[in-house]
Amino acid sequence: MNNPVKTAKAAAPVQIQFRVVPHDELPDGTAVALSEVDGLIVAWIGEGHATLELCTQLEDLHRTVTAQERWVQTSPASDPHRLERPAEGLGIAHVAWERVSAEVLPDGVLAVPVERDRILVWLLHEEHASEQLCAEVSEYGRRIAGDGLWEQRWPSTS
């Protein structure tokens, strides 16, 4: 699909960290807040919304993808508050988080990325992630991937 939307020049490969923090370190009523600098994004997750085990597995999985530089971050320097705005609905890419029962996942696995209907869906063990967290991260996904704040890069066939 050829999308006419222009995005900023890709600046840096993305590194992602997940940190569980006390609720008073987040805006009232939220499960997660993201902070972003060149090449790094940190998900600050309120206690009770994700387990440390899930955060560790998510970091390991994201590291595998980002080490190959398949996702790059467009520069946040020109717009340091860009994550705070709602998604514009450009639909460049689609990423979501979804809670599933343990039976859906392999033994000992708390997170699995799958592609479903052209959407990258992270299946998360329901006992390790809250519904609110998944809803909020999915909304961030609409903004970050959907509006081109992060871009996918795939090897050229030429």
Side-chain angles (χ1 to χ4, degrees), residues 1 3 5 7-8 13-66 70-76 79-152:
M1 177 171 87
N3 194 325
V5 176
T7 58
V14 177
Q15 295 178 0
I16 304 168
Q17 297 177 356
F18 298 88
R19 299 290 177 256
V20 176
V21 298
H23 287 284
D24 62 0
E25 293 185 25
L26 297 174
D28 286 342
T30 61
V32 62
L34 300 185
S35 63
E36 176 182 47
V37 295
D38 277 340
L40 174 65
I41 193 158
V42 180
W44 304 96
I45 301 171
E47 291 174 325
H49 288 285
T51 63
L52 292 175
E53 296 84 4
L54 174 62
C55 292
T56 298
Q57 285 192 22
L58 284 169
E59 277 192 14
D60 290 345
L61 288 165
H62 280 86
R63 191 176 304 113
T64 300
V65 173
T66 58
R70 296 290 188 243
W71 282 94
V72 294
Q73 177 187 48
T74 60
S75 178
D79 188 358
H81 301 288
R82 65 195 195 150
L83 293 180
E84 298 165 16
R85 287 193 300 281
E88 296 175 32
L90 302 179
I92 295 170
H94 304 280
V95 177
W97 279 17
E98 180 180 310
R99 296 171 74 223
V100 297
S101 65
E103 294 78 32
V104 174
L105 301 169
D107 287 343
V109 174
L110 305 179
V112 172
V114 298
E115 185 175 338
R116 182 191 307 144
D117 299 324
R118 299 177 57 196
I119 299 173
L120 174 61
V121 180
W122 287 87
L123 303 179
L124 306 179
H125 191 297
E126 66 187 352
E127 294 177 12
H128 292 264
S130 73
E131 288 182 34
Q132 181 182 355
L133 174 65
C134 290
E136 290 180 22
V137 171
S138 294
E139 186 59 33
Y140 272 121
R142 281 187 277 285
R143 176 72 177 132
I144 293 168
D147 293 347
L149 304 185
W150 296 359
E151 297 174 341
Q152 284 185 299

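Nothing fancy with the numbering, it's 1 onward along the sequence.
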Q.
Over 60° means perpendicular and under 30° means parallel, so tell me whether His23 and His49 are parallel, tilted or perpendicular.
A. perpendicular
Q) About how many Å separate CG of Leu120 and CH2 of Trp97, when rounded to the nearest 0.5 Å? A) 11.5 Å
(Q) What I'd like to find out is whether the side chain of Glu53 reaches to under 4.5 Å of the side chain of Leu110, using heavy atoms alone. (A) yes
Q) Which heavy atom of Phe18 sits nearest a heavy atom of Glu59, and at what distance? A) N-OE2, 2.8 Å
Q: Could you grab the distance from atom CD of Gln132 to atom OG1 of Thr30, nearest 0.5 Å is fine?
A: 7.0 Å
**Q.** Non-hydrogen side-chain atoms of Pro106 and Val112 separated by less than 4.5 Å
**A.** yes
Q | Basic-acidic side-chain contact under 4.0 Å: Glu139, Arg143 | A | no
Q | Sub-4.5 Å side-chain heavy-atom contact between Ile16 and Leu58 | A | no
Q: Report yes if some heavy atom in the side chain of Leu34 is under 4.5 Å from a heavy atom in the side chain of Trp44; otherwise report no.
A: no
Q. So Val114 and Leu123, side chain to side chain contact (heavy atoms under 4.5 Å, CB included) or not? Walk me through it.
A. CA-CA 7 Å; Val114 298; Leu123 303 179; 4.0 Å; yes
Q. What pair of heavy atoms forms the shortest contact from Val32 to Leu26, and how long is it?
A. N-CD1, 4.2 Å
Q. Taking only residues at least two apart or on different chains, which pairs with a member in residues 91-112 satisfy salt bridge (charged side-chain N to carboxylate O under 4.0 Å, His left out)?
A. Glu98-Arg116, Arg99-Glu131
(Q) Taking ring pair (Phe, Tyr, Trp, His ring centres under 6.0 Å) as the definition, give me every residue that meets it alongside His125, ordered by chain and number, with sequence neighbours left out. (A) His128
Q) Are the side chain of Glu136 and the backbone N or O of Ala33 linked by a donor-acceptor pair below 3.5 Å? A) no
Q.
Within the structure provided, determine whether Leu61 and Trp122 are in side-chain contact (heavy-atom separation under 4.5 Å).
A. yes
Q: Find out whether Cys134 and Leu124 are in side-chain contact, i.e. whether some heavy atom of one side chain is under 4.5 Å from a heavy atom of the other.
A: yes
(Q) Do Glu25 and Glu47 make a side-chain contact, defined as non-hydrogen atoms from C-beta onward lying under 4.5 Å apart? (A) no
Q) Taking all non-hydrogen atoms of both residues, which atom of Cys55 and which atom of Ile45 are closest, and how far apart? A) SG-CD1, 4.0 Å
Q: Go through the steps for Glu88 and Arg142 under the test salt bridge (charged side-chain N to carboxylate O under 4.0 Å, His left out), then give the verdict.
A: CA-CA 8 Å; Glu88 296 175 32; Arg142 281 187 277 285; over 6 Å; no
Q. Just by distance, do the side chain of Glu36 and the backbone of Ile41 share a donor-acceptor pair under 3.5 Å?
A. no
Q.
Evaluate Arg19 against Val42 for side chain to side chain contact (heavy atoms under 4.5 Å, CB included), listing each step before the verdict.
A. CA-CA 7 Å; Arg19 299 290 177 256; Val42 180; 3.9 Å; yes
Q: Flag the pair Ile119 / Val95 as yes when at least one side-chain heavy-atom distance between them is below 4.5 Å, and no otherwise.
A: no
